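We use all heavy atoms of the structure for the numbers below, so side chains are in, but hydrogens, waters and symmetry mates are not. All values reported here derive from a predicted model rather than from experimental measurement.
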Amino acid sequence: MDTMASPGGSASWRSDRSLLIRYFLGAYGFTWVLQLAIPLFGLSFESAPAQVLYILSVLGPLLSAMAVTVNSGGKAGLRALFAKALQWRFSLIWYLMAIGTVAALKLISTGLYMVLGGVGPEQWVTASSGGILFVLLSQFGYVMFAEEIGWRAFALPRLLEQFGALGGTLLLAFLHACWHLPMFFVPGSNQAGSSFVLYLFIHVAWSTSMTFLYDRSGQSALPCLLFHASLNVAAFVVGAPAGSEIYQRLLYGVLILSLVPFFPRPLFRSPWSASMELQRST
């Protein structure tokens with residue numbers, strides 16, 4: 001993917017903007033209604049009703065992407081969406097990077113912490129064999145499809161065309177992070193009590209990695225799906241001392257800086273100016 005020009009002219013650009021707006025409204029609306037119901041009704045996050053609401057809420061990006069796609073492109077459009085999500089013919093190295101990057105960074109940060117005098121984790125693996133199996137099934141069997149078909153198979157290619165490789169990546173990182181905002185107000189959730197600024201920075205690192213994988217795999221969303229699932233698995237399974245987090249954040253910064261130079265050009269694009277240029281050329 002050397003350039004990101006839209007072949008459909010200004011009409012195509014306007015259509016993509018409309019589809020993106022409808023997609024994000026649907027994804028946010030479905031998810032936020034269900035997640036905000038948890039604190040609104042005073043439910044404990046660990047309770048069964050809250051867990052059901054949360055599990056269903058994760059489907060927002062997938063359901064919105066499917067609804068917008070069917071409305072605009074019918075069954076053929078839906079087949080194309082899933083074909084992009086499941087396109088598996090690309091180099092093994094991108095599979096390895098998708099599955100292993102976050103776990104490797106977590107282990108390297110722990111190693112740096114220990115070399116500089118810190119104490120290693122009490123447990124390198126923080127789940128039982130049954131727990132690991134549950135995490136693998138839930139993440140690779142559910143979460144990666146529920147979220148990333150919407151974020152990367154549907155939204156990412158349109159954002160890259162509209163805003164450029166880095167512009168689209170940063171915008172998607174911000175929108176993806178904001179999609180989780182209700183959980184910052186749910187005691188007991190992973191986001192409760194954490195810094196949104198730091199959370200956004202981590203999403204930028206993840207989004208940068210997934211755009212790189214999307215481009216290098218021939219515009220397949222599958223490595224993005226695998227990356228998201230594997231980072232959640234690493235978070236639940238790979239142990240790390242609290243003091244190593246600063247090194248992991250530094251490594252995320254290095255990851256961003258090392259991948260962006262390999263992004264296709266343009267890095268930034270104004271959809272309005274690009275649309276006008278296409279209109280003048282037709």
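- Nearest heavy-atom pair across Ser217 and Gln87 is O-NE2, 4.0 Å.
- Using a 30° and 60° split on the angle between ring planes, His176 and His228 fall in the tilted class, from 30° to 60°.
- Atom CD1 in Ile108 sits 12.0 Å away from atom OG in Ser244 (nearest 0.5 Å).
- Residues Met183 and Asn190 fail the side-chain proximity criterion, which asks for heavy atoms closer than 4.5 Å.
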- Task: Report the C-alpha distance between Asn71 and Arg22 in whole Å, list the side-chain angles of each, state the deciding distance to 0.1 Å, and finish with yes or no for side chain to side chain contact (heavy atoms under 4.5 Å, CB included).
- Result: CA-CA 11 Å; Asn71 181 258; Arg22 283 186 280 161; 2.9 Å; yes
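- With contacts defined as side-chain heavy-atom distances shorter than 4.5 Å, the pair Trp124/Leu107 qualifies.
- More than 12 heavy-atom neighbours from other residues, nucleotides or ligands sit within 6.0 angstrom of CG on Leu137.
- Residues Pro39 and Leu36 come closest through the heavy atom pair CD-O, 3.2 Å.
- When hydrophobic clusters are built by joining Ile, Leu, Val, Met, Phe, Trp and Tyr residues whose side-chain heavy atoms come closer than 4.5 Å, directly or via intermediates, Ile21 is not grouped with Trp179.
- Around the CZ atom of Phe185, the shell of radius 6.0 Å holds no more than 12 heavy atoms that belong to other residues, nucleotides or ligands.
- At least one side-chain heavy atom of Leu160 sits less than 4.5 Å from a side-chain heavy atom of Thr169.
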- Going through the distances and angles, do Tyr252 and Trp206 end up as a side-chain hydrogen bond (donor to acceptor under 3.5 Å, both in side chains)? CA-CA 8 Å; Tyr252 276 142; Trp206 294 343; 3.2 Å; yes
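- Between Leu43 and Pro49 the shortest heavy-atom distance is CD1-CB, 4.2 Å.
- Ser72 contributes a side-chain N or O that, together with a main-chain N or O of Val68, makes up a donor-acceptor pair within less than 3.5 Å.
- Put simply, the side chain of Arg269 never gets that close to the backbone of Leu267: no donor and acceptor are under 3.5 Å apart.
- Glu46 CD: more than 12 foreign heavy atoms inside a 6.0 Å radius.
- A distance of 9.0 Å separates CE of Met210 from CG of Leu156, quoted to the nearest 0.5 Å.
- Other residues, nucleotides and ligands contribute at most 12 non-hydrogen atoms within 6.0 Å of the CZ atom of Phe134.
- Ring planes of Tyr28 and Phe24: perpendicular class, angle over 60° (limits at 30 and 60°).
- Listed for the Ser64 side chain is no donor-acceptor partner under 3.5 Å among the backbone atoms of Pro61.
- Leu116 is connected to Leu105 through a chain of hydrophobic side-chain contacts under 4.5 Å among Ile, Leu, Val, Met, Phe, Trp and Tyr, so both are in one cluster.
- Residues Tyr214 and Lys84 have side chains in contact (heavy-atom distance under 4.5 Å, counting atoms from C-beta outward).
- Between Tyr23 and Phe154, the two ring planes are tilted [angle within 30° to 60°].
- Closest non-hydrogen pair, Pro264 versus Ala165, comes out as O-CB, 3.2 Å.
- Side-chain atoms of Thr110 do not come within 3.5 Å of backbone N or O of Ala240 as any donor-acceptor pair.
- One hydrophobic cluster, built from ILVMFWY side chains closer than 4.5 Å, holds both Leu86 and Met144.
- Between the Thr208 side chain and the Ile256 main chain, no donor and acceptor come within less than 3.5 Å of each other.
- No side-chain heavy atom of Leu170 sits less than 4.5 Å from a side-chain heavy atom of Phe163.
- Atom CG of residue Leu112 and atom CG of residue Leu251 lie 6.0 Å apart, to the nearest 0.5 angstrom.
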- Message: Applying side chain to side chain contact (heavy atoms under 4.5 Å, CB included) to Phe82 and Leu78, what does each step give before you reach the verdict?
- Response: CA-CA 6 Å; Phe82 281 93; Leu78 195 61; 3.8 Å; yes
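- Shown here is Phe174, whose CZ atom has no more than 12 heavy atoms of other residues, nucleotides or ligands within 6.0 Å.
- Panel note: side chain Thr101, backbone Ala98; no donor-acceptor pair is recorded below 3.5 Å.
- Between Ala50 and Ile38, the closest heavy-atom pair is O-CD1, 3.7 Å.
- Distance CE/Met97 to CG/Leu226: 13.0 Å, rounded to 0.5 Å.
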- Task: Check step by step if side chain to side chain contact (heavy atoms under 4.5 Å, CB included) holds for Phe262 and Arg216.
- Result: CA-CA 9 Å; Phe262 295 97; Arg216 294 289 155 162; 3.5 Å; yes
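- Distance check: Gln139 CD to Leu225 CG gives 12.0 Å after rounding to the nearest 0.5 Å.
- For Ser57 (side chain) and Tyr54 (main-chain N/O), a donor-acceptor pair under 3.5 Å exists by modelled atom type.
- Judged by distance alone, with hydrogens and angles left aside, the side-chain atoms of Gln51 form a donor-acceptor pair with the main-chain N or O of Phe45 at under 3.5 Å.
- Contact of the Asp215 side chain with the Phe263 side chain is not registered, since no non-hydrogen atoms from C-beta on lie closer than 4.5 Å.
- In the hydrophobic clustering of this structure, Ile99 groups with Leu222; members are Ile, Leu, Val, Met, Phe, Trp, Tyr whose side-chain heavy atoms approach within less than 4.5 Å, directly or through other members.
- Relative ring orientation between His180 and His203 is described as tilted, the plane-to-plane angle lying within the 30° to 60° band.
- Distance CG/Asn232 to CG/Leu136: 11.5 Å, rounded to 0.5 Å.
- Without hydrogens or angle criteria, Ser189 side chain to Val186 main chain gives a donor-acceptor distance under 3.5 Å.
- Pairing each heavy atom of Gly150 with each of Ala65, the nearest pair is CA-CB, 3.8 Å.
- With hydrogens and angles disregarded, a donor-acceptor distance shorter than 3.5 Å links the side chain of Thr126 to the backbone of Val237.
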- Message: Run Ile55 and Val52 through side chain to side chain contact (heavy atoms under 4.5 Å, CB included) and show every step you take.
- Response: CA-CA 5 Å; Ile55 291 170; Val52 170; 5.9 Å; no
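- Between Leu181 and Cys178 there is a side-chain heavy-atom pair separated by less than 4.5 Å.
- A heavy-atom distance below 4.5 Å is found between the side chains of Ser209 and Leu255.
- Ring pair Trp94/Phe227: centre-to-centre distance not below 6.0 Å.
- Leu25 is not connected to Leu81 by any chain of hydrophobic side-chain contacts under 4.5 Å among Ile, Leu, Val, Met, Phe, Trp and Tyr, and they are in different clusters.
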